[in-house]
Amino acid sequence: MSTFHRTTAEMVTPRPPPPLSRGVIGWLRANLFSSWFNAAMTLLAVYLLWLLVPGILRWGLLDADFAGTTRFDCQSAGACWAWVDQRIYQFLYGFYPPEQAWRVNLALTLLIPALLPVLFDRMPGARWARWFSLAYPFVAAFLLVGGYGLAEVPTDRFGGFMLNVAVGLAGILLSLPFGILLALGRRSQLPLVRLLSTAFIETFRGIPLVTFMFAAALLLPIFLPPRFNLDLIMRVIILVTMYASAYIAEVVRGGLQSLPRGQYEAAQALGLGYWRAMRLVILPQALKVSIPGIVNTFIALFKDTTLVIVIGLFDILNIGTSMIANPNWLGLGTEVYAFISIFFFVICFAMSRYSLHLERRLDVGR
Amino acid sequence: MLAGIVALLAWLVANTAHNLETRGLKTGFGFLKDPAFFDINQKLIEYSSRSSFGRALLVGLLNTLLVSALGIVAATILGFAAGMLRLSRNWLMARLATAYVEFTRNVPLLLQLIFWWSLLTGLPGVQDSLSLGNVAFLNNRGARLPAPSAEPGFGMVLAGAGMAVVAAIAVSAWAKRRRLATGRGFPVAAIAIGLIVGVPTTLFLALGQPLAWDVPQPGRFNFTGGIQVTPELVALWWALSVYTGAFIAEGVRGGILSVARGQTEAAYALGLSRGATMRKVVLPQALCAIVPPLTSQYLNLTKNSSLAVAIGYQDLVSVGGTVLNQSGRALEVVSIWIVVYLGLSLLTSLFMNWYNRRIALVER
């Protein structure tokens with residue numbers, strides 16, 4: 001006969017881990033000094049940061065000048081940001097008439113209601129709002145160029161960041177329908193259609209965009225009849241669209257391939273013809289999977305819009321480089337390039353985070 | 001639909017013929033034999049302003065290949081380093097690598113290129129060159145590097161090095177066969193490194209160091225001796241490497257992460273160290289996932305080298321642009337660009353496909 005002896009009335013609370021493996025010290029030991037190699041890497045990283053960060057802070061903020069009308073007003077050792085205040089309009093809108101700048105702002109603002117129903121399909125009224133998304137490119141073009149009651153702005157007044165955004169957006173929006181058609185063509189049963197689509201896609205993906213810029217400036221006028229007097233920006237948009245549609249086609253093809261065969265067969269079994277099967281069953285699913293890829297294509301295209309400077313258009317980068325050739329602002333290259341890169345970085349980084357988030361969400365749903 | 005495409009093409013061709021006729025432009029590639037009458041300051045082959053347009057384009061093509069090859073090597077090293085660092089257990093290093101990758105990927109390459117170029121051309125003049133240990137110099141005319149010049153007997157050293165490499169490969173093949181047959185290991189790495197480093201070094205010393213360095217000497221107006229590298233080449237190479245390196249880093253990180261965690265745990269359970277796990281278990285499997293995106297990054301780098309035109313590095317597009325201006329043959333020059341770049345991308349993807357097949361996982 002044995003009796004059960006209780007040795008203690010309470011549960012023993014676990015003792016805290018030794019002080020060296022918890023708190024700040026524990027974190028430091030685990031993440032920065034877990035081995036001599038790791039410690040050496042930490043010291044190297046600290047050294048790099050010590051070299052870079054204080055110098056950049058001192059140059060860009062602490063020792064910098066922010067006011068003045070020419071670079072001669074900047075007396076301190078650091079950066080000279082006086083030009084930002086003077087030139088920001090040109091950097092953003094190029095030579096667009098200031099009294100008409102609201103049209104650019106409005107066109108950009110309207111992008112939000114145009115994108116929302118595409119990105120969030122559970123939004124109430126999305127079905128109707130999508131008609132607006134379809135009409136958006138034309139609305140934006142009308143706002144920017146004018147005519148029909150609005151004062152006309154010739155496209156050679158386009159410039160600055162607005163030109164980058166306009167060319168990038170126009171390129172990606174216009175290339176979507178062509179890209180989808182090309183992707184379908186590449187997976188078509190008809191050998192000739194497949195061959196033509198594949199040849200188009202591979203050719204346009206294999207050639208650098210700079211060549212397209214030259215082609216827009218010099219070659220396109222030769223291909224078109226003389227009475228088609230397209231201006232340079234239109235020609236650039238046409239060629240950028242062709243270039244981007246090759247990339248979009250590959251993204252969409254990825255989406256089409258990711259669908260299980262059953263979807264195609266089920267659509268056929270329901271008696272849907274090719275186009276109706278595509279429109280009602282295949283494409284809605286394939287495009288949803290492709291959105292992250294399309295966003296990534298847009299980021300790449302948006303960055304590449306700076307290439308318009310090789311044919312003499314004044315995008316934000318060209319405005320910047322021509323400003324630092326001006327005697328009043330001579331030699332402010334580092335400041336100007338830092339400023340422009342922050343613009344691009346903020347926008348592209350935000351978009352890439354968004355596409356990453358979408359990718360994760362799509363992954364979970366599968 | 002096909003009829004529509006054919007009609008469109010016919011319409012374009014008719015327009016083109018009509019336009020060429022009204023503008024009095026000639027077509028055909030005969031102009032390639034005409035003298036170019038412009039100079040190219042960086043050339044790998046003999047070229048003068050009296051050479052032909054065709055020769056000028058060839059010089060441009062070689063310059064494109066030069067900067068692409070240099071860029072591919074540097075971008076691969078940078079990319080693998082940054083990709084592995086992003087996964088390092090060292091918190092600070094991982095953050096630094098992330099900052100590099102994210103910043104570089106989200107800023108236009110052209111902007112970075114112009115920035116580096118403006119930094120290089122803003123360096124002090126020849127008189128106040130930045131000196132790297134008094135053998136290499138950086139100034140606003142670019143970099144001046146020591147030039148190696150082989151003396152008699154250097155061929156022997158090279159031959160010795162070649163034989164050492166062959167011997168190392170043979171030893172490792174033999175060791176692998178013995179390990180598979182008997183299970184006994186062999187210090188392959190130590191012996192291979194010993195062979196590859198030791199044999200040429202011994203020969204080099206034994207033959208009385210038959211390699212002279214032509215070190216640049218500061219002169220009155222410019223350096224004498226050494227190799228002059230233009231700031232355009234340095235800027236383009238550096239910008240392309242840094243930019244593409246960030247993309248490669250992402251591919252490397254993705255590839256390493258794609259290896260199932262069980263593989264790492266199994267390797268630890270077998271008692272392999274962290275380094276050996278990485279080298280022998282994770283990386284070989286990760287390579288299969290890394291190589292396809294790596295191919296497209298190499299192609300992108302080659303295509304992006306055409307941004308050279310913005311800073312005046314004379315690559316194929318830049319020289320082609322000059323040729324186009326001088327001869328007015330837009331159609332011909334653009335078709336040469338298309339053929340060359342398509343050919344390059346075809347060659348690269350053929351090579352990488354072959355390599356990819358070699359390292360592909362053999363599944364049972």
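By convention in this document, chain letters (A, B, ...) are assigned in the order of the sequence lines, proteins followed by strands, and residues within each chain are numbered from 1.
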Colleague: Given the options Val317(B), Leu12(B), Leu111(B), which has more heavy-atom pairs under 4.5 Å with chain A than any of the others?
Modeller: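 Ranked by heavy-atom pairs under 4.5 Å with chain A, first place is Leu111(B).
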Colleague: Taking the side chain as everything from C-beta on, heavy atoms only, tell me whether Tyr313(B) gets closer than 4.5 Å to Trp117(B).
Modeller: no
Colleague: Check whether Ser118(B) gets within reach of chain A through its side chain, its backbone, both or neither, counting any heavy atom under 4.5 Å.
Modeller: side chain
Colleague: Angle between ring planes, Tyr354(A) versus His357(A), binned at 30° and 60°: parallel, tilted or perpendicular?
Modeller: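 Taking His357(A) first and then Tyr354(A), their aromatic rings sit tilted (interplane angle of 30° to 60°).
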Colleague: Out of Gln112(B), Arg105(B), Arg95(B), Glu102(B), return the one with the most heavy atom pairs under 4.5 angstrom to chain A.
Modeller: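 Of the options given, most contacts go to Glu102(B).
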Colleague: Between Ala338(A), Cys348(A), Ser352(A), Pro208(A), who has the most heavy-atom pairs with chain B when the cutoff is under 4.5 Å?
Modeller: Pro208(A)
Colleague: Let me know which of Leu301(B), Leu294(B), Leu78(B) forms a side chain to side chain contact (heavy atoms under 4.5 Å, CB included) with Ile248(B).
Modeller: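 With Ile248(B) as partner, Leu301(B), Leu294(B), Leu78(B) yield a single side chain to side chain contact (heavy atoms under 4.5 Å, CB included), made by Leu294(B).
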Colleague: Give, as side chain, backbone, both or neither, the part of Ile207(A) having an atom under 4.5 angstrom from any heavy atom of chain B.
Modeller: both
Colleague: Taking Glu202(A) first and then Arg186(A), would you say they form a salt bridge - that is, a charged N and a carboxylate O separated by under 4.0 Å?
Modeller: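 A salt bridge links Glu202(A) with Arg186(A).
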Colleague: Could you have a look at Val336(A), Ile299(A), Leu192(A), Val46(A) and say which one has the most heavy-atom pairs with chain B under 4.5 angstrom?
Modeller: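 The residue among Val336(A), Ile299(A), Leu192(A), Val46(A) with the greatest pair count is Leu192(A).
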Colleague: Would you call the rings of Tyr337(A) and Phe115(B) parallel, tilted or perpendicular, where under 30° means parallel and over 60° means perpendicular?
Modeller: perpendicular
Colleague: Would you find more than 12 non-hydrogen atoms of other residues, nucleotides or ligands less than 6.0 Å from Phe178(A) atom CZ?
Modeller: no
Colleague: I'd like to know which of Ala330(B), Pro108(B), Ser305(B), Ala14(B) tops the heavy-atom pair count under 4.5 Å against chain A.
Modeller: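 Option with the top pair count is Pro108(B).
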Colleague: Would you name the heavy atoms of Arg86(B) and Ala97(B) that are closest together and state the gap between them?
Modeller: CG-CB, 3.6 Å
Colleague: Phe349(A) versus chain B, heavy atoms under 4.5 Å apart: side chain, backbone, both or neither?
Modeller: both
Colleague: Would you say that more than 12 heavy atoms from the other residues, nucleotides or ligands in this model lie under 6.0 Å from the CZ of Phe37(A), or not?
Modeller: no
Colleague: Report the C-alpha distance between Trp83(A) and Phe339(A) in whole Å, list the side-chain angles of each, state the deciding distance to 0.1 Å, and finish with yes or no for ring-ring contact (aromatic ring centres under 6.0 Å, His included).
Modeller: CA-CA 11 Å; Trp83(A) 54 272; Phe339(A) 182 77; 5.2 Å; yes
Colleague: Treating Ser188(A) as the side-chain partner and Leu184(A) as the backbone partner, does any N or O pair qualify as donor plus acceptor under 3.5 Å?
Modeller: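 Checked: no pair found.
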Colleague: Indicate whether the side chain of Asn140(B) and that of Thr121(B) have a donor and an acceptor atom separated by less than 3.5 Å.
Modeller: no
Colleague: Look at Phe223(A), Phe302(A), Phe343(A) and state which one has the largest set of heavy-atom pairs under 4.5 Å with chain B.
Modeller: Phe223(A)
Colleague: Considering only heavy atoms and a distance below 4.5 Å, find which of Leu219(A), Val310(A), Leu218(A) pairs most often with chain B.
Modeller: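 Max contact count across the listed options: Leu219(A).
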Colleague: Out of Asn90(B), Val107(B), Leu119(B), Leu346(B), which one racks up the most heavy-atom pairs below 4.5 Å with chain A?
Modeller: Asn90(B)
Colleague: Which bit of Leu196(A) comes within less than 4.5 Å of chain B, counting heavy atoms only: side chain, backbone, both or neither?
Modeller: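 Only the side chain of Leu196(A) comes within 4.5 Å of chain B.
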Colleague: With heavy-atom distances below 4.5 Å as the criterion, would you say the side chains of Met93(B) and Leu44(A) are in contact?
Modeller: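 A side-chain contact exists here, since the closest heavy-atom pair is under 4.5 Å.
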Colleague: Quick one: what part of Ile342(A) sits under 4.5 Å from any heavy atom of chain B, side chain, backbone, both or neither?
Modeller: neither
Colleague: Run the salt-bridge test on Arg71(A) and Glu335(A) with the 4.0 Å N-O cut-off and return the result as yes or no.
Modeller: no
Colleague: Could you check whether Tyr243(A) and Phe204(A) have their ring centres less than 6.0 Å apart?
Modeller: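 Between Phe204(A) and Tyr243(A), the centre distance exceeds or equals 6.0 Å.
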Colleague: In terms of heavy-atom proximity below 4.5 Å to chain A, should Leu109(B) be classed as side chain, backbone, both, or neither?
Modeller: neither
Colleague: With a 4.5 angstrom heavy-atom cut-off, is it the side chain or the backbone of Leu299(B) that approaches chain A, or both, or neither?
Modeller: neither
Colleague: Under 3.5 Å, is there a donor-acceptor pair between the Asn63(B) and Asp315(B) side chains?
Modeller: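 Looking only at side-chain atoms, Asp315(B) and Asn63(B) do not form any donor-acceptor pair under 3.5 Å.
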Colleague: Heavy-atom distances under 4.5 Å only: say whether Thr306(A) touches chain B with side chain, backbone, both or neither.
Modeller: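 Answer is both: backbone and side chain atoms of Thr306(A) are under 4.5 Å from chain B.
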Colleague: Answer with side chain, backbone, both or neither: which region of Leu344(B) has an atom nearer than 4.5 Å to a non-hydrogen atom of chain A?
Modeller: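 Neither; nothing under 4.5 Å.
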Colleague: Which one, Leu307(A), Asp304(A), Leu48(A), leads in non-hydrogen pairs under 4.5 Å with chain B?
Modeller: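 Ranked by heavy-atom pairs under 4.5 Å with chain B, first place is Leu307(A).
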Colleague: If I compare all heavy atoms of Ile311(A) with all of Ala217(A), which pair ends up nearest, and what's the gap?
Modeller: CG2-CB, 3.7 Å
Colleague: Is the shortest heavy-atom distance from the side chain of Phe200(A) to the side chain of Met242(A) under 4.5 Å?
Modeller: yes
Colleague: At under 4.5 Å between heavy atoms, what parts of residues 234-245 of chain B are in contact with chain A? List them by residue number.
Modeller: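 Hits under 4.5 Å: Tyr243(B).
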Colleague: For chain B, find its close neighbours in residues 317-325 of chain A: heavy-atom separation under 4.5 Å, sorted by number, or none.
Modeller: Leu317(A), Thr321(A)
Colleague: Do Ser345(B) and Lys303(B) make a side-chain contact, defined as non-hydrogen atoms from C-beta onward lying under 4.5 Å apart?
Modeller: no
